[in-house]
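Comments concern the structure below.
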Amino acid sequence: MKKIRHGKIVEIIQKYDVETQEELAGRLKEAGFNVTQATVSRDIRELKLSKVAAAGGGQKYVVLEQGDERKGDKYIRVLRDGFLTMDMAGNILVVKTVSGMAMAVAAALDELRFPEVVGCIAGDDTIFVAVRTLEDTKVLMERLQRLV
């Protein structure tokens, strides 16, 4: 039963932006699993779920592959080391970096898998980040500002 429940948890957090244990417990109950908050808390620990920033500004649970936490820290460090400024032009975010760092910073942005980012094109010290919408560009700028 636990494996089936764990599978359902992964399915739920991939389909919905689940912010709290209570919300996850509610979705599990809707799916026919009779769980307590303590059970959900244990499941989250056993599945090694982490919270990341969600598109709407809140947080959501995700499954991180083993080693992703350390990898994420490295990419954030590259982002901080190379980042200088950013500005938006519609749904294009223009990021200025230290000379020669644009490709590394663009690779870090790609690997951090922000849901707003479609892709990056890097030169020597400038990155064009294609963002899904104008609103998403503003959200991404706020996230990046908090990271750097």
Quick one: do L79 and L109 satisfy side-chain contact (heavy atoms from CB on, under 4.5 Å)? Show the steps, please.
CA-CA 8 Å; L79 184 66; L109 286 169; 4.0 Å; yes
Is any side-chain heavy atom of [Y] closer than 4.5 Å to one of [X]?
{"X": "K8", "Y": "R5", "answer": "no"}
{"X": "M141", "Y": "K138", "answer": "no"}
{"X": "I44", "Y": "V40", "answer": "yes"}
{"X": "V62", "Y": "L49", "answer": "no"}
{"X": "Q145", "Y": "M86", "answer": "yes"}

Within a 6.0 Å radius of atom CD1 on I92, are there more than 12 heavy atoms belonging to other residues, nucleotides or ligands?
yes
Would you indicate whether F128, at its atom CZ, is surrounded by more than 12 heavy atoms from other residues, nucleotides or ligands within a distance under 6.0 Å?
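No, because the 6.0 Å sphere around CZ of F128 holds 12 heavy atoms or fewer from other groups.
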Quick check for you: to the nearest 0.5 Å, what is the distance between [X] atom [atom1] and [Y] atom [atom2]?
{"X": "D110", "Y": "Y75", "atom1": "CG", "atom2": "OH", "value": "9.5 Å"}
{"X": "K2", "Y": "T39", "atom1": "NZ", "atom2": "OG1", "value": "9.5 Å"}
{"X": "L24", "Y": "Y16", "atom1": "CG", "atom2": "OH", "value": "12.0 Å"}
{"X": "T133", "Y": "N91", "atom1": "OG1", "atom2": "CG", "value": "7.5 Å"}

Would you please test I4 and F33 for side-chain contact (heavy atoms from CB on, under 4.5 Å) and show each step?
CA-CA 10 Å; I4 296 169; F33 293 88; 3.8 Å; yes
Exercise: identify the closest heavy-atom pair between [X] and [Y]:
{"X": "K60", "Y": "D17", "result": "CD-OD1, 3.2 Å"}
{"X": "V117", "Y": "R132", "result": "O-NH2, 4.0 Å"}
{"X": "Y61", "Y": "I13", "result": "O-CB, 3.8 Å"}
{"X": "G90", "Y": "L134", "result": "O-CD1, 3.3 Å"}
{"X": "I12", "Y": "L28", "result": "CD1-CD2, 3.8 Å"}
{"X": "K29", "Y": "V35", "result": "CE-O, 3.0 Å"}

Report the C-alpha distance between E116 and E135 in whole Å, list the side-chain angles of each, state the deciding distance to 0.1 Å, and finish with yes or no for side-chain contact (heavy atoms from CB on, under 4.5 Å).
CA-CA 9 Å; E116 302 85 7; E135 187 59 38; over 6 Å; no
Taking a hydrophobic cluster as the set of Ile, Leu, Val, Met, Phe, Trp and Tyr residues connected by side-chain heavy atoms closer than 4.5 Å, whether directly or through intermediates, do V139 and V118 fall within one such cluster?
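No, V139 and V118 fall in different hydrophobic clusters.
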Flag yes if V148 and L140 sit in one hydrophobic cluster, no otherwise; membership is Ile, Leu, Val, Met, Phe, Trp, Tyr, and two members link when side-chain heavy atoms are under 4.5 Å apart.
yes
Identify, with sequence neighbours excluded, every residue that meets side-chain hydrogen bond (donor to acceptor under 3.5 Å, both in side chains) alongside R80.
none
All N/O donor-acceptor pairs, side-chain side in residues 94-106, below 3.5 Å, sequence neighbours left out:
residue	atom	partner	partner atom	Å
K96	NZ	T126	OG1	2.9
T97	OG1	A102	N	3.2
S99	OG	D124	OD2	2.9

Are the charged groups of K74 and E111 less than 4.0 angstrom apart, N to O?
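So K74 does not pair with E111 through a salt bridge.
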Check ion pair R27-E23 (N to O, under 4.0 angstrom):
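Salt bridge present between R27 and E23.
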